[in-house]
Amino acid sequence: MGAIDYSKWDNITSDVESDDEPALKVAKKPATNVTKKPESAAKDSTMAEPRGEEPPPFVMPTDPYEVTVEIVDMSKGLMKMAGEVMLGVKLDGVFHCNVHVHGKTTWFHLDGAHSGPAAPGDGAHVTFEARGRTSRTADDVDEWFAASPYAADNYDLWSRNCNHFADALLAFLGVAPLPAAVTEVPAKVLASPMGAMLRPTIDKAVAVLRDSSDGGDGSVVDRFLETVVEQPGGLLVAPIVKMMRSIAA
């Protein structure tokens, strides 16, 4: 698997794809045409997708023992802007995290755990935080990864996701854990009435994505996206599903 190109997220289309096309498709039309929004949302400019300024490109630390966490807001700013109104809970985002150490990027997703040459992403909704300097060697990290119990068949969005994996790796490295704003998201969402109501829809989205990443029909994801935006909270769920899809692509 190559580097994750987060810059493509703003142009992902939900058009149905043929079997010959990749799961991640760049739209030929502006991203504002990706999803159909209710009239009330169209009239309210605050519902427009936030566009943050592009930060300067991240430069990997020269010391390979320095540990950096890459934090990606999969809601692209929508959760921070409208989450309290739509879900009844205040959150800074819905996050995916990668760990950078010893010249490698390591992460966990619904298609399993991955580790490879450092490939930091970029974009307005990607940030990097230093977590400290580890005493663990590159061989130590490789051994931890090989023995890690995190696998595709036990991925769970609520209790065993990319951030649980990242936190476990950070603990092994002996550095600072992920920020609470990242790790507390599942519990906060499920504690809200709307979040609990949306759980079956979100679980269905994960199942559809898993089937697609396992070599299934990618157009199933597109058909799911076409229906989910019409449901309560769908405007928040749809972009998250698209970004989770790009990570597994």
Find out whether [X] and [Y] are in side-chain contact, i.e. whether some heavy atom of one side chain is under 4.5 Å from a heavy atom of the other.
X    : Y    : answer
V67  : H100 : no
I202 : L157 : yes
L169 : W144 : yes

State which residues pass side-chain hydrogen bond (donor to acceptor under 3.5 Å, both in side chains) with [X]; sequence neighbours excluded, sorted by chain then number.
X    : value
T68  : none
W158 : D203
N154 : R160

Which pair of heavy atoms, one from [X] and one from [Y], lies closest together, and at what distance?
X    : Y    : value
M197 : P200 : O-CD, 3.2 Å
D92  : A181 : OD2-CB, 3.6 Å
M60  : A118 : CE-CB, 3.9 Å
V185 : G93  : CG2-O, 3.5 Å
Y155 : V206 : CE2-CG1, 4.3 Å
A196 : L190 : CB-O, 3.8 Å

Distance-only, no hydrogens or angles: does the E70 side chain make a donor-acceptor pair with backbone N or O of V126 under 3.5 Å?
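No; judged by distance alone, with no hydrogens or angles, the pair does not exist.
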Would you find a donor on one side and an acceptor on the other, under 3.5 Å apart, between the side chain of D73 and the backbone of V94?
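Yes; at least one donor-acceptor contact below 3.5 Å.
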Sequence-distant partners of [X], side chain to side chain contact (heavy atoms under 4.5 Å, CB included), two or more places apart:
X    : answer
D153 : A151
C97  : V69, I71, N163, A166, L178, V182
H102 : P64, Y65, T134, A138, V141

Applying salt bridge (charged side-chain N to carboxylate O under 4.0 Å, His left out), can you list everything that pairs with [X], at least two apart in sequence or on another chain?
X    : value
R131 : E129
D156 : none
D142 : K104

Indicate whether any N or O donor in one side chain lies under 3.5 Å from an N or O acceptor in the other, for H164 and N161.
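Short answer, yes.
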One pair to check against side chain to side chain contact (heavy atoms under 4.5 Å, CB included): H125 and V72. What are the steps and the verdict?
CA-CA 6 Å; H125 304 293; V72 186; 5.6 Å; no
Using the rule given for side chain to side chain contact (heavy atoms under 4.5 Å, CB included), can you reason through W107 versus C162, listing the C-alpha separation, both sets of side-chain angles and the distance that settles it, and then say yes or no?
CA-CA 6 Å; W107 73 99; C162 59; 5.9 Å; no
Residues in ring pair (Phe, Tyr, Trp, His ring centres under 6.0 Å) with F95, at least two apart?
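Result, ring pair (Phe, Tyr, Trp, His ring centres under 6.0 Å) vs F95: none returned.
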Restricting to ring pair (Phe, Tyr, Trp, His ring centres under 6.0 Å), what partner residues turn up for Y150, sequence neighbours left out?
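Only F108, F165 meet the ring pair (Phe, Tyr, Trp, His ring centres under 6.0 Å) criterion with Y150.
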side-chain hydrogen bond (donor to acceptor under 3.5 Å, both in side chains) contacts touching residues 178-187 (sequence neighbours left out)
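Sorted result for residues 178-187: E184-K188.
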Straight-line distance of T201 OG1 to K204 NZ, nearest 0.5 Å:
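The OG1 atom of T201 sits 10.5 Å away from the NZ atom of K204.
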